[in-house]
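Letters A, B, ... are given to chains in the order of the sequence lines, protein chains preceding strands, and every chain is numbered from 1.
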Amino acid sequence: MAASETSSETTLRHAFGNVLSFFILLLIGVLAFSIRLFSVIKYESVIHEFDPYFNYRVTQFLTKNGIYDFWNWFDDRTWYPLGRVIGGTVYPGLTLTAGTIWWILNSLNIPLSVETVCVFTAPVFSALASWATYLLTKEVKGAGAGLTAAVLLAMVPSYISRSVAGSYDNEAVAIFALIFTFYLYIKTLNTGSLFYATLNAIAYFYMVCSWGGYTFIINLIPMHVLLCIVTGRYSSRLYIAYAPLVVLGTLLASLVPVVGFNAVMTSEHFASFLVFIIIHVVALVYYIKGVLSPRMFKVAVTLVLSVGLVVCFAAIAVLVALVASSPTKGWSGRSLSLLDPTYASKYIPIIASVSEHQPPTWPSYFMDINVLAFLVPAGIIACFSPLSDASSFVILYIVTSVYFSGVMVRLMLVLAPAACILSGIALSEAFEVFTRSIKFQLPGASINSQVSAGDNISDSTMAHNDMAKTDKSEDTLKERPSRKNRRKEKEPVEQPSIRSRIEKRLLVLPLEASILAILLLVFLGAFYVVHCVWAAAEAYSAPSIVLTSQSHDGLHVFDDFREAYAWLSHNTEVDDKVASWWDYGYQTTAMANRTVIVDNNTWNNTHIATVGTAMSSPEKAAWEIFNSLDVKYVLVVFGGLVGYPSDDINKFLWMVRIGGGVFPHIKEPDYLRDGQYRIDSEATPTMLNCLMYKLSYYRFVDTDGKAFDRVRRTEIGKKYFKLTHFEEVFTTHHWMVRIYKLKPQKNRIRGKIKKSKSKSSSTSTKRSGARKKNPWH
Amino acid sequence: MRSICTFITVLTVLPLLCHSFSNENPTDRRLLVLLDDFSIKSSHSIFFLSLQSRGFHLDFKLSDDPKLTLQRYGQYLYDGLILFSPISDSFGGSLNLGAVLDFVDSGGDLILAADASASDLVRNIATELGVDFDEDPSAMIIDHTSYAVSETEGDHSLIASDDFIQSDVILGKTKIEAPVLFKGIAHSLNPANSLVVKVLSASPSAYSFNPNSKLSQPPSLTGSAVSLVSVVQARNNARILISGSIDMFSNRFFTSAVQKAGSTNKYKKSGNQQFVTELSKWVFHERGHLRAVNVRHHKIGENDEPAIYRIKDDLVFSVEIYEWSGKSWEPYMANDVQVEFYMMSPYVLKTLATDQKGLYYTSFKVPDVYGVFQFKVDYHRLGYTSLSLSKQIPVRPFRHNEYERFITTAFPYYGASFTTMAGFFIFSFIFLYNK
């Protein structure tokens with residue numbers, strides 16, 4: 001009687017818990033979506049930064065021309081004159097996702113523009129990512145931890161920085177794909193279901209479509225499988241979770257044009273194949289062990305080991321020789337710079353020059369994951385009690401992602417979900433301990449709670465806040481395959497339940513301490529929320545094409561970039577070529593619709609080095625380089641008037657380095673005075689005569705009469721000079737973008753110098769001296 | 001995105017040509033003649049008459065005419081300018097050094113004649129055009145071996161030269177037999193200057209010095225460095241004739257008999273008239289002016305210009321080139337016109353075949369490289385206007401379905417995968433029902 005009563009009561013509580021968690025999840029989704037709308041509210045519904053403009057342009061092409069034209073798109077507006085095969089060099093996941101959303105909305109007669117869809121793709125997917133986090137954490141530590149982790153992820157600043165509305169970049173969908181793939185892997189691992197394994201391969205395929213970071217998955221999962229094998233946790237579930245993923249996942253990955261044969265050829269994927277072999281060997285060993293008698297097994301082992309080792313060594317030797325024969329050992333530059341953090345700065349300035357490829361500073365950890373940094377260790381400890389396949393995976397995930405985030409600030413993004421999951425586990429465990437302590441000590445509740453604690457002891461692996469409790473006590477009723485493994489564990493636990501009940505009593509903390517601790521945890525959470533909202537509103541919402549500055553006389557808006565791009569699109573011929581540093585390539589093609597020489601897809605180092613060389617050369621040599629590339633206009637970004645620090649003068653040393661890396665006549669020391677980069681009167685003559693200096697500071701003295709550069713906080717070195725081969729055609733309102741036109745070749749060639757200006761000497765030798773320093777010839 | 005693929009013809013030179021040389025009515029052309037005094041009009045009348053008879057309107061003005069102007073409301077009033085005013089130090093009206101140079105830069109043609117004691121203005125104009133007259137204002141060209149024989153043994157400053165440039169385009173097809181009489185100042189050219197061409201050179205024994213003073217130090221200009229008459233073709237194809245002697249154009253020199261010192265040949269008439277007339281024909285674009293039209297290309301077997309080519313396409317390229325004969329556009333005949341298929345460097349370089357009616361054509365296979373290519377015709381020949389045509393055309397790689405579907409060498413792999421599939425099927429069948 002009493003038993004049935006309790007069971008119906010628990011069913012009710014269970015149903016109530018489910019409904020509650022459903023609504024909590026819904027609210028988490030709303031939170032994740034709405035916290036990312038600050039950028040739209042504070043600025044406008046506009047695509048942000050650099051790469052998103054390219055993605056936006058590709059999406060426009062996709063929606064206009066269809067998927068086959070997108071696949072075969074040869075873009076002749078970038079990398080002039082090389083062009084770029086967009087279809088084969090882009091991760092199409094994001095574009096296809098947004099294109100599909102747009103197509104569905106349009107066929108439902110919801111006429112949203114492509115831009116709107118692109119702007120809001122990232123917030124929508126961050127809601128999905130929070131739900132995926134819930135699922136993943138629930139598989140690891142129960143629904144309570146899942147909900148906590150989902151809340152944390154919904155507003156973790158690191159992820160917000162890449163997924164505010166308008167930040168239409170690969171990471172926006174890739175983080176969801178990453179977490180969801182991990183969830184399906186854990187789910188397969190817990191259930192041993194081939195259905196989930198197949199889903200896992202498909203989720204992995206989506207991840208491969210979306211982001212180059214998929215190599216993280218295809219290395220992390222094999223590492224975990226290896227860990228399980230080594231620690232004696234091999235099971236058929238592990239085999240089912242892993243083997244189909246490798247086979248199907250690799251097949252699917254090689255369907256993505258940008259990956260193609262890389263899926264089987266490069267070292268990034270090597271680990272998965274090695275572990276694939278190992279898991280088969282282990283499976284065979286387990287099988288034979290079951291078939292043979294122990295004695296026969298020993299004989300077989302010695303036989304197989306001696307033969308197998310020889311074969312293995314031979315195979316490994318061949319593989320190593322193959323890999324070693326390639327100059328980079330089969331690794332791509334970006335992967336190598338992950339494994340060896342000093343690699344990029346030594347060999348590939350183009351990777352090192354990107355600010356998001358720099359190692360992060362300590363404050364950026366606090367900025368990006370805030371209190372999670374302190375909760376993660378507690379979460380790791382919670383994962384160890386007890387250690388399951390799933391929790392060991394989470395531990396492995398956090399350990400590797402902490403390392404990667406230490407190498408590149410941009411990979412903080414991979415760390416964020418792991419930190420959220422572990423912090424969620426830590427928080428929910430802590431709450432569980434404290435609330436239980438209070439519950440046991442509340443007068444009049446002790447008997448009931450003892451009973452319920454007894455019910456739940458079997459689920460000691462689970463997290464125990466209120467909802468989790470009801471959920472877990474239903475295990476036996478639900479007959480879900482996911483509990484199979486847990487039931488195995490249950491049996492030994494059941495017998496010493498009395499002992500564990502005593503232990504439970506011992507774990508109870510003093511009432512006052514518990515209440516205080518709960519309060520402190522709530523404060524911690526509140527602090528986190530406040531920080532996240534501040535980060536979303538202030539730090540990460542600026543679209544970077546529109547800048548604002550708050551000064552004593554009100555808000556200033558700097559809309560110079562769009563002003564310049566609009567000028568280009570209205571005042572230049574449609575086939576004119578615009579040269580600028582590669583940062584502005586994507587924006588120029590997307591907003592001004594003009595052909596550019598280099599852009600943010602830095603696939604051709606030589607081409608970028610050519611532009612860098614031109615920018616670092618004196619005017620005439622630069623003119624020749626640009627002329628040989630059919631350039632009509634040169635665009636430079638200059639922040640000296642308004643104090644915009646990420647302008648071309650501050651990036652200039654990278655242009656020198658990258659240019660000098662290919663064309664050795666550009667030497668970095670020529671631009672430095674005693675190792676210092678300066679543009680004041682102490683600057684070297686090479687610096688003062690290079691094109692970048694001249695284009696940035698031309699007529700600058702006219703603004704205030706002193707030519708005071710507000711970014712470098714100094715007066716410039718050379719104030720009065722004329723341009724001979726370039727003419728200024730447009731300078732934006734705040735001088736942030738300056739556009740110059742290449743002057744045509746002189747119509748006449750002057751004779752000898754006769755009491756005339758000095759410039760004639762340079763023009764009269766134009767033909768003869770030409771082409772010498774031009775890297776194209 | 002269609003607009004991206006659409007290429008635009010970039011004819012860099014032709015629009016500039018139209019300034020100087022209107023293709024619609026190239027015969028009705030006006031020239032401004034600036035004179036130091038009107039006596040030159042009669043003393044050089046043969047030259048002026050020959051111009052008028054060829055259809056030019058001549059507008060004679062004194063160089064210090066206060067109403068002198070070349071343009072009105074931004075339009076040039078003249079197609080050419082003849083400066084027969086070697087000694088005037090400044091022009092009247094709005095005309096000055098800058099105005100003359102602007103006139104040239106916008107395509108106007110120019111004949112500039114200097115003389116001994118030429119003004120700084122004339123020298124400066126010449127310098128800006130790439131010709132340096134001897135800086136000594138009193139110097140003249142003197143030649144003691146190839147002077148023109150006359151009754152009085154003079155100072156040998158009247159020289160007879162027959163060292164012409166070998167160019168049918170500039171000097172006409174008929175060979176100039178008689179030497180040209182020249183009395184004036186010498187100039188030199190910068191050898192690095194590719195635009196200026198020496199038409200009449202002095203003999204190796206010529207030098208430039210003041211004939212009335214004693215030769216105390218070596219003269220600055222001697223021998224073959226000395227040029228007597230030069231022509232310039234600016235990059236916009238404006239043509240300029242610069243002569244150190246205004247007398248070269250005079251009736252007296254046109255009609256006088258000439259005998260070169262040391263030569264027994266005595267000509268009844270000097271070569272001046274023929275030389276000057278032919279040169280003026282060249283300067284005023286009656287000869288050597290090329291025009292390229294109808295730059296076309298298409299795939300073999302098609303007629304429309306595609307917006308984009310694929311690698312390994314076979315294509316036909318054609319261009320029509322005509323030359324102005326003074327009255328009409330005649331087909332230009334040559335066998336050395338080449339086209340480049342160019343992307344940072346030429347991938348294809350082919351000589352064009354011609355049908356002798358002005359059409360030049362060739363066909364070739366697009367190289368196995370994708371990118372944004374250009375058809376380039378860069379045709380620069382002595383005396384002819386330069387042709388620089390370029391037409392941009394992107395070349396794309398194969399589409400995903402343009403590759404071969406089945407490759408013979410891959411048949412073992414197809415076989416392997418299909419046998420594996422079949423084997424797996426049979427295995428599953430046996431495994432499941434073998435109980």
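Distance check: A:Asn72 CG to B:Phe398 CZ gives 12.0 Å after rounding to the nearest 0.5 Å.
A 6.0 Å sphere centred on OH of A:Tyr68 holds no more than 12 heavy atoms belonging to other residues, nucleotides or ligands. Counting non-hydrogen atoms of other residues, nucleotides and ligands closer than 6.0 Å to CH2 of A:Trp603 gives a total above 12. Dense packing is recorded around NZ of A:Lys743, with more than 12 heavy atoms of other residues, nucleotides or ligands lying under 6.0 Å away. The environment of A:Leu255 atom CG is dense: over 12 non-hydrogen atoms of other residues, nucleotides or ligands sit within 6.0 angstrom. Annotation for A:Tyr565: atom OH counts as buried by contact number, over 12 foreign heavy atoms lying within 6.0 Å.
Heavy-atom minimum distance, B:Met344 versus A:Pro81: CG-CG, 3.4 Å. When every heavy atom of B:Glu128 is checked against every heavy atom of A:Arg748, the shortest pair comes out as O-NH1, 3.3 Å. Taking each heavy atom of B:Arg235 and A:Ile749 in turn, the nearest pair found is NH2-CD1, 3.8 Å. Nearest approach of B:Pro394 to A:Phe74, heavy atoms of both residues: CB-CE2, 4.2 Å.
In this structure, chain A has no heavy atom under 4.5 Å from any part of B:Val196. Using a 4.5 Å cut-off between heavy atoms, B:Gln233 makes no contact with chain A at all. Both the backbone and the side chain of A:Asn747 come within contact range of chain B, each with at least one heavy atom under 4.5 Å from a heavy atom of that chain.
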Problem set entry | Audit row: A:Asp630, B:Gln374, side-chain hydrogen bond (donor to acceptor under 3.5 Å, both in side chains) steps and yes/no | CA-CA 11 Å; A:Asp630 298 331; B:Gln374 285 173 328; 3.0 Å; yes
Step-by-step side chain to side chain contact (heavy atoms under 4.5 Å, CB included) determination, A:Tyr80 to B:Gln392: CA-CA 11 Å; A:Tyr80 181 86; B:Gln392 182 177 320; 4.3 Å; yes
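Every residue meeting the side-chain contact (heavy atoms from CB on, under 4.5 Å) condition with A:Thr78, not counting sequence neighbours, appears here in chain and number order: A:Arg57, A:Asp75, A:Arg84, A:Thr589, A:Val596, A:Asp599.
Salt-bridge annotation for B:Asp132 and A:Arg750: absent, with no side-chain N of the basic residue lying under 4.0 Å from a carboxylate O of the acidic one.
No donor-acceptor distance shorter than 3.5 angstrom exists from the side chain of A:Asp76 to the backbone of B:Val372, with no hydrogens or angles considered.
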